[in-house]
Protein chains: 2
Amino acid sequence: MAIVRKTKSVHTLLEVMKQAGEALSVVDLVNRLDQEMNKTTVYRILDRLEDEGLLHSFQGKDGLKWYAQCQDCSTEHHTDMHPHFQCVQCGKTTCLPLEVTIPKVPNVKIQSASLLLTGLCEECLT
Amino acid sequence: MAIVRKTKSVHTLLEVMKQAGEALSVVDLVNRLDQEMNKTTVYRILDRLEDEGLLHSFQGKDGLKWYAQCQDCSTEHHTDMHPHFQCVQCGKTTCLPLEVTIPKVPNVKIQSASLLLTGLCEECLT
DNA sequence: CTCTTATTGCAATTAAGTTGCAAAAGTAAA
DNA sequence: TTTACTTTTGCAACTTAATTGCAATAAGAG
């Protein structure tokens, strides 16, 4: 695995993720960081941070790639699996701190699982 | 809901899905049907068939949209949810005839859930 | 400081998915 | 089967997420 330097760009990106406190799509991140860095850089840093295990990604229902930072994320704990929730109205997307029981499937070797729940969040319900 | 006519194109597409016997990505479908119809038509027919409930779709880990036909699919039974398995080596993707327990999340209204399992299929394991 | 390696910006490219519009095909009623 | 109307299709152009090549810059080790 390539060495990931904690450059200024990396720090800025992680800070934006932390401030957001929820999952962000790559498109959203590119927009938020438009003044700070090039979009190619955003894509590349996200790749590296995911390799390192500092972020994890999943495919949104919108076809976009989403990234999130969570407590469980680390290089060792990479296969860890938790569901995500995406509000169909406001788009807010969060990691759910829940254990998911992965169904047993005979004759295959499961390497990863991703569970995406969609619906209406608390704020959009009221 | 618009009326979906069983045109020749619709029939051909459904036949290809049936022959495949597994989930197919839109890109794959467009290629397989290249001689028979335009790619725009493939996209539009898939949309309509999903509305009608004859097919269901999900986002693959590759970022592509995948479609599958299954026994459970019908207009009435639209919110039905089952997991999919995608082999990382050969790409074979199938519906798993399993019930999935959707975790209870407080204060939100879950409308849909999609569970994608990835790993190695029986053939690629041996 | 100097050498080496990793990172970044920029422009161009690839590829998935969408849109507008005119032509063709299907449906129903006379 | 002719006519009138609606849905479907093909085609070309377009939008946009994601990738690539290359030169320039920044970081780290000695």
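Each chain gets a letter, A, B and so on, in the order the sequences are listed, and its residues count up from 1.
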How many Å lie between [atom1] on [X] and [atom2] on [N], as a whole number?
X       : N      : atom1 : atom2 : answer
A/Tyr67 : D/dA17 : OH    : C1'   : 12 Å
A/Asp28 : D/dA17 : CG    : C1'   : 14 Å
A/Lys8  : C/dA6  : NZ    : P     : 23 Å
B/Leu64 : D/dA17 : CG    : C1'   : 12 Å
B/Gln59 : D/dA17 : CD    : C1'   : 12 Å
A/His11 : C/dT8  : NE2   : P     : 14 Å
B/Ile45 : C/dA25 : CD1   : P     : 15 Å
A/Leu46 : C/dT7  : CG    : C1'   : 15 Å

Counting side-chain heavy atoms from C-beta on, which of [options] comes nearest to [X]?
X       : options                : result
A/Ser9  : D/dG10, C/dT8, C/dA16  : C/dT8
A/Thr40 : C/dC10, D/dG10, C/dT8  : C/dC10
B/Lys39 : C/dC10, D/dA18, C/dG17 : C/dG17
A/Tyr43 : D/dC11, D/dA17, C/dA11 : D/dA17
B/Asn38 : C/dG9, D/dC11, C/dA16  : D/dC11

Tell me whether the side-chain N/O atoms of [X] come closer than 4.0 Å to OP1 or OP2 in [N].
X       : N      : result
B/Thr7  : D/dT9  : yes
A/Arg48 : C/dT7  : yes
B/Arg44 : C/dG20 : no
B/Thr41 : D/dG10 : yes

| task | Using distance alone, with no hydrogens and no angle criterion, decide if B/Glu50 and B/Ser57 have a side-chain donor and acceptor under 3.5 Å apart. | result |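 Side chains of B/Glu50 and B/Ser57: pair found under 3.5 Å.
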| Axis bend over the full length of the helix from C/dC1-D/dG30 to C/dA30-D/dT1, computed from five pairs that close each end, to 10 degrees |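 Here the local axes at opposite ends form an angle of 40°.
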| task | With heavy atoms under 4.0 Å as the rule, sort A/Val30 into base, sugar-phosphate or nothing. | result | nothing
| task | Look only at the side chain of A/Thr93 and the backbone of A/Gly91, and say whether a donor-acceptor pair between them is shorter than 3.5 Å. | result | yes
| How far apart are the C-alpha atoms of A/Arg32 and A/Leu24, what are their side-chain angles, what is the distance that settles it, and do they pass the side chain to side chain contact (heavy atoms under 4.5 Å, CB included) test? | CA-CA 10 Å; A/Arg32 293 187 190 213; A/Leu24 297 175; 3.6 Å; yes
Side-chain heavy atoms of [X] within contact of [Y], under 4.5 Å:
X       : Y        : answer
B/Val42 : B/Leu13  : yes
B/Met37 : B/Ile45  : yes
A/Phe85 : B/Ile110 : yes

| request: Hey, can you tell me if A/His82 and A/His56 have their rings parallel, tilted or perpendicular (30° and 60° cut-offs)? | output: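 Perpendicular, since the angle between the ring planes exceeds 60°.
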| field | Audit row: A/Leu55, A/Leu14, side chain to side chain contact (heavy atoms under 4.5 Å, CB included) steps and yes/no | value | CA-CA 9 Å; A/Leu55 297 177; A/Leu14 283 173; 4.3 Å; yes
